[in-house]
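In what follows, a single structure is set out as structure tokens and then discussed.
Computation of the quantities below employed the complete heavy-atom set of this structure, encompassing side-chain atoms and omitting hydrogens, waters and symmetry-equivalent molecules. Along the sequence shown, the residues carry numbers beginning at 1. Given the structure is predicted, the values throughout are model-derived calculations rather than measurements.
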Amino acid sequence: MTNVAPPEGTTLFLIGMRVTKPWRVRAWVGVFAAMARILGHLRANRGAGMLSHRLYLGSSAMVVSYWSSADDLRRFAAAADAPHLPAWRWFTRNFADTNSVGIWHETYVIGEHETISSGMGAWGLAEAVGAEPIGSGQATAAARLAHNGCPAARRVP
């Protein structure tokens with residue numbers, strides 16, 4: 001399976017938290033709880049623009065999310081009636097630059113891409129925008145990139 005062509009502007013947003021001082025429980029539990037509230041709000045308010053998300057736990061916590069657009073993501077982040085802005089202000093006031101807990105994020109507007117999954121349901125971008133069977137002549141990453149109209153495919157041998 002591969003993803004259907006995502007609508008123009010579809011955005012991948014990665015956000016994570018790293019505990020740097022485990023004994024500062026209030027810091028990292030507070031940040032984790034704020035993320036849970038934010039994700040709950042987004043699940044209940046699909047109109048905000050988040051298409052899907054996954055939470056990963058390990059040495060750091062990370063949320064991989066897909067949005068209908070970077071504008072929707074920015075609108076949500078700045079909305080006075082959504083939980084992100086108060087959480088961000090709380091973090092900035094109490095923990096920014098204290099080295100108690102670290103946070104990071106990356107935003108990518110999807111352009112040149114290819115996806116594949118086998119032996120499982122749709123995952124990642126294919127889960128967010130839909131999946132389709134890999135077609136004839138799409139057995140390689142370069143072929144899938146070319147199928148998606150990506151200029152980079154012409155550079156891949």
In one Ile/Leu/Val/Met/Phe/Trp/Tyr side-chain cluster, 4.5 Å: I134, V4: no

Hphob cluster co-occupancy, M62 + Y108, side-chain heavy atoms under 4.5 angstrom: yes

Cluster check V29, I38: I/L/V/M/F/W/Y, side chain < 4.5 angstrom: yes

Chi angles and distances behind the side chain to side chain contact (heavy atoms under 4.5 Å, CB included) call for R24, V101: CA-CA 8 Å; R24 299 283 313 264; V101 60; over 6 Å; no

Over all atoms of both residues, closest heavy-atom pair of N99 and K21: O-CG, 3.3 Å

Sub-4.5 Å side-chain heavy-atom contact between F76 and H41: yes

E106, CD: over 12 other non-hydrogen atoms inside 6.0 angstrom: yes

From D72 atom CG to M50 atom CE, the distance as rounded to the nearest 0.5 Å: 12.0 Å

Pairwise side-chain contact, V19 with F32, heavy-atom cut-off 4.5 Å (strictly under): no

In one Ile/Leu/Val/Met/Phe/Trp/Tyr side-chain cluster, 4.5 Å: F91, W104: no

Criterion side chain to side chain contact (heavy atoms under 4.5 Å, CB included) on V31 and W90, from CA distance to verdict: CA-CA 9 Å; V31 171; W90 169 82; 4.1 Å; yes

Heavy-atom closest pair, residues L51 and V129: CD1-CG1, 4.3 Å

Nearest heavy-atom neighbours spanning P83 and P86: O-CD, 3.5 Å

Donor-acceptor under 3.5 Å (Y66 side chain, L125 main chain): yes

Side-chain heavy-atom pair T20, W28 within 4.5 angstrom cut-off: no

Cation-aromatic face contact R54/W123, 6.0 Å, 45 degrees: yes

Any donor-acceptor N/O pair, S65 side chain to F13 backbone, under 3.5 Å: yes

Working for side chain to side chain contact (heavy atoms under 4.5 Å, CB included), residues R26 and N94: CA-CA 10 Å; R26 183 174 169 256; N94 293 291; 4.2 Å; yes

W67 to A48 - nearest heavy-atom pair and separation: CZ3-O, 3.7 Å

Contact check, side chains of H53 and L42, non-hydrogen atoms, under 4.5 Å: no

M35 side chain near I15 side chain, heavy-atom distance below 4.5 Å: yes

Stepwise side chain to side chain contact (heavy atoms under 4.5 Å, CB included) test for I103 and F95: CA-CA 10 Å; I103 58 172; F95 300 109; over 6 Å; no

Over all atoms of both residues, closest heavy-atom pair of S69 and T11: C-OG1, 3.3 Å

Parallel, tilted or perpendicular: rings of H84 and W88 (30°, 60°): parallel

Nearest non-hydrogen partners of N3 and P6, listed with the distance: ND2-CD, 3.4 Å

Linked, directly or transitively: M120 and L55 (ILVMFWY side chains, under 4.5 Å): no

